[in-house]
Every structure is written in structure tokens, then in C-alpha cells.
Peer 1: 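Before anything else, here's the structure in question.
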2 protein chains.
Amino acid sequence: MEQLWAAPDALTVRAVYEQVSTTRDLAYTTVMTVLDRLAKKKLTERERDGKAWRYRAAAPREEMAADLMRDALDRAGDRREALVRFVDQVSDEEAALLREALARLEEREG
Amino acid sequence: MEQLWAAPDALTVRAVYEQVSTTRDLAYTTVMTVLDRLAKKKLTERERDGKAWRYRAAAPREEMAADLMRDALDRAGDRREALVRFVDQVSDEEAALLREALARLEEREG
DNA sequence: ACACATCTACGACGTTGCGTAGTAGACGAT
DNA sequence: ATCGTCTACTACGCAACGTCGTAGATGTGT
């Protein structure tokens, strides 16, 4: 159900429901429950808008992916080894992106 | 239950059980079931040894971590963005390890 | 004021994965 | 024959998840 995050931001339940309805046949309440549960898990934030709530992804997809990568790395034991294996798996393009990201980091940190 | 992988390799159920018993109070059959389930999920391989099976981790902890990192990255949408965020989260030491791993990769690939 | 639509809150049900464990059956050793 | 050791199969409780229904509050049109 995470593809709700593909939408821009701060949507009302109704809006998400309409959106989702185009591809899946779900009840309005189902969408609501999911949104609520995600909010409870802090994966989503919500703010009042009159009677209704507006939900917004607490963090973009990319941040979530990064968090998951961190979690995975933390379970590794030998982080060096894990990182080596990771870059081994990665495509050339991704390796280039990684180098780029690291370069940018270095530059920022001085 | 994954800390069974801390052990070296190719252990019989009995051996794993003995090992685990030192820190946790589990039934022999419990260990067996867990091993069996892990085997079904291909996280472990087994080979006959007389009547019994010997189990071996299909991949070391670090490989598993690397796989998880890959999975996370694949769910990112914008991989560049995800990698940037990832290196942002990472400690200095880990960033260094990453650079090292990338350097090694480059060297190997030419 | 009343009916109707729209929301939220809360509970419920089935499925799945997991940790734990018991029982049954096979087989070798004593 | 009886034990001990193994595997295979089944089961139970629990949590998470996807799905949804019902109840109650509140706003809107006539």
C-alpha cells in the first residue's frame, strides 16, 4: 500500500481513496485504516483540515529506502564486509551514483 | 534466531541445539523446526550426514545484509536520491569503508 | 428541523510468518 | 526388546497486515 506515496503531498482520505480506486477496488474505510496505521507507525503525518485529516508522507520514498539500507547494514556484524559485498552487487551506474554521493558528502564536510 | 549463523559452518541439529542451549532454553525440536524453515526459505542449505542433516548458512550474514540493502535500494524510485540520503546517514567510518570498497571495485574492474 | 452525505474512531475477520513445542515413525546401539 | 536419536508433520499463540463494517459526530441542502 505504499504507493500512496507516489502522490505529491498532504492528501485527504477521500483524495487518496479516489486515487487508489482507479487501480484497485478497495473500500473507503480500508484506505482510512491503512492511513491511520501508517500514521501510528510514524510513517505518515496528519494535520487537521476542517473535519477531515490530511495525510502526508513523513519522509519521501527515498528516505525510507535509505533507512532500510541502514537497518540492513546494522545487522551485518562486519560492516566492511557487508559494504564490500553491497558494492559488488551494485550496477555500474549505481556505483557511479554512490561515488558521486560520497564526493558530495566530502565536499560538504570539508 | 539468526544468530545461529555466528557458528562456523555445516552443523548438525544436535550441535546447533547444544550451542543455543548455553544461552537459551529451547526444545530440540524447536531448533529443528527453525532450521527446517530456514532451509525452505533457502537461507540455509543442508546435506545428509548419515541419518542426520547438517545445516550450513546459505550465505554469510554480510551477504544477507548486502542483499537487504539492495532490496531497499530497489524500492527507492529515485536511486540517486536514495543513495545520497544513505551516505548522509552513514558515519564517517562507514563512509570511509564505502570509499574503500568502491576503490577496490574500480581496481578490479579496471 | 430533518434527511443525507461525509468523516473519524473502533472493532473484527482471515491470512501469513514466526517462535515454540509435541507426537509419530524410522533406525541403530545395547 | 528397549533406548536414544533423528526426521517429518502438526499445532498453538501471537503479532502484523489487508480488508471491511458499524457507530457516532458533524456539516449541507431543502
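Remember, predicted model here, so these are calculated numbers, not experimental data. Only heavy atoms go into these numbers, but all of them, side chains included; no hydrogens, no water, no symmetry mates. Chain naming here is simple, since letters A, B, ... match the order of the sequence lines and numbering starts at 1 in each.
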Peer 1: Does a side-chain N or O from A:R37 land closer than 4.0 Å to OP1 or OP2 of D:dA16, or not?
Peer 2: no
Peer 1: Could you give the CG-to-P distance, from A:L38 to D:dG18, as a whole number of Å?
Peer 2: 8 Å
Peer 1: Considering only side-chain heavy atoms of A:A52, which listed nucleotide, C:dC18, D:dA8, C:dT8, is closest?
Peer 2: C:dT8
Peer 1: Could you check whether the side chain of A:T30 and the base of D:dG18 have a donor-acceptor pair of N or O atoms closer than 3.5 Å, going by distance alone?
Peer 2: no
Peer 1: When you check the side-chain N and O atoms of A:S91 and A:E94, is any donor under 3.5 Å from an acceptor?
Peer 2: yes
Peer 1: How close or far is atom P of C:dA9 from atom CG of A:L35, stated in whole angstroms?
Peer 2: 12 Å
Peer 1: Any donor-acceptor pair under 3.5 Å between the side chain of A:T33 and the base of D:dC20?
Peer 2: yes
Peer 1: Among C:dT8, D:dC6, D:dT7, which is the nearest nucleotide to the side chain of A:V13?
Peer 2: C:dT8
Peer 1: Tell me: CE of A:M32 to P of C:dC10, nearest whole Å?
Peer 2: 10 Å
Peer 1: How many whole angstroms separate atom CG of A:D36 from atom C1' of D:dC20?
Peer 2: 14 Å
Peer 1: Once you round it to whole Å, what is the distance between C1' of D:dC17 and CZ of A:R24?
Peer 2: 12 Å
Peer 1: Using 0.5 Å steps for rounding, measure from the CE atom of B:M69 to the CG atom of A:L68.
Peer 2: 11.0 Å
Peer 1: If you check every side-chain atom of B:L26, which of C:dA9, C:dT20, D:dC17 has the closest atom?
Peer 2: C:dT20
Peer 1: Would you say C:dA9 has OP1 or OP2 under 4.0 Å from some side-chain N or O of A:R46?
Peer 2: yes
Peer 1: Measure from CG on A:D25 to P on D:dG18 and round the result to the nearest Å.
Peer 2: 17 Å
Peer 1: Less than 4.5 Å apart, any side-chain heavy atom of A:E47 and any of A:R56?
Peer 2: yes
Peer 1: Do any side-chain nitrogens or oxygens of B:R48 fall under 4.0 Å of OP1 or OP2 in D:dT7?
Peer 2: no
Peer 1: What pair of heavy atoms forms the shortest contact from B:A76 to A:E62, and how long is it?
Peer 2: O-OE2, 2.6 Å
Peer 1: Has A:R14 got a side-chain N or O lying under 4.0 Å from the OP1 or OP2 atom of C:dT6?
Peer 2: no
Peer 1: Looking at B:K41, I'd like to know whether one of its side-chain N or O atoms comes within less than 4.0 Å of OP1 or OP2 on C:dC18.
Peer 2: yes
Peer 1: Kindly say if B:Y28 contacts the phosphate of C:dT20, meaning a side-chain N or O under 4.0 Å from OP1 or OP2.
Peer 2: no
Peer 1: Can you tell me the distance, in whole Å, between the CG atom of B:D49 and the C1' atom of C:dC27?
Peer 2: 15 Å
Peer 1: Starting from C1' on C:dG11, measure out to NZ on A:K40 and report it in whole angstrom.
Peer 2: 11 Å
Peer 1: First locate atom OG1 of B:T12, then atom CD of B:E18, and finally report the distance between them rounded to the nearest 0.5 Å.
Peer 2: 10.0 Å
Peer 1: Map B:T29 and A:T29 onto DNA chain D by nearest heavy atom, then report which one ends up closer to the 5' terminus.
Peer 2: B:T29
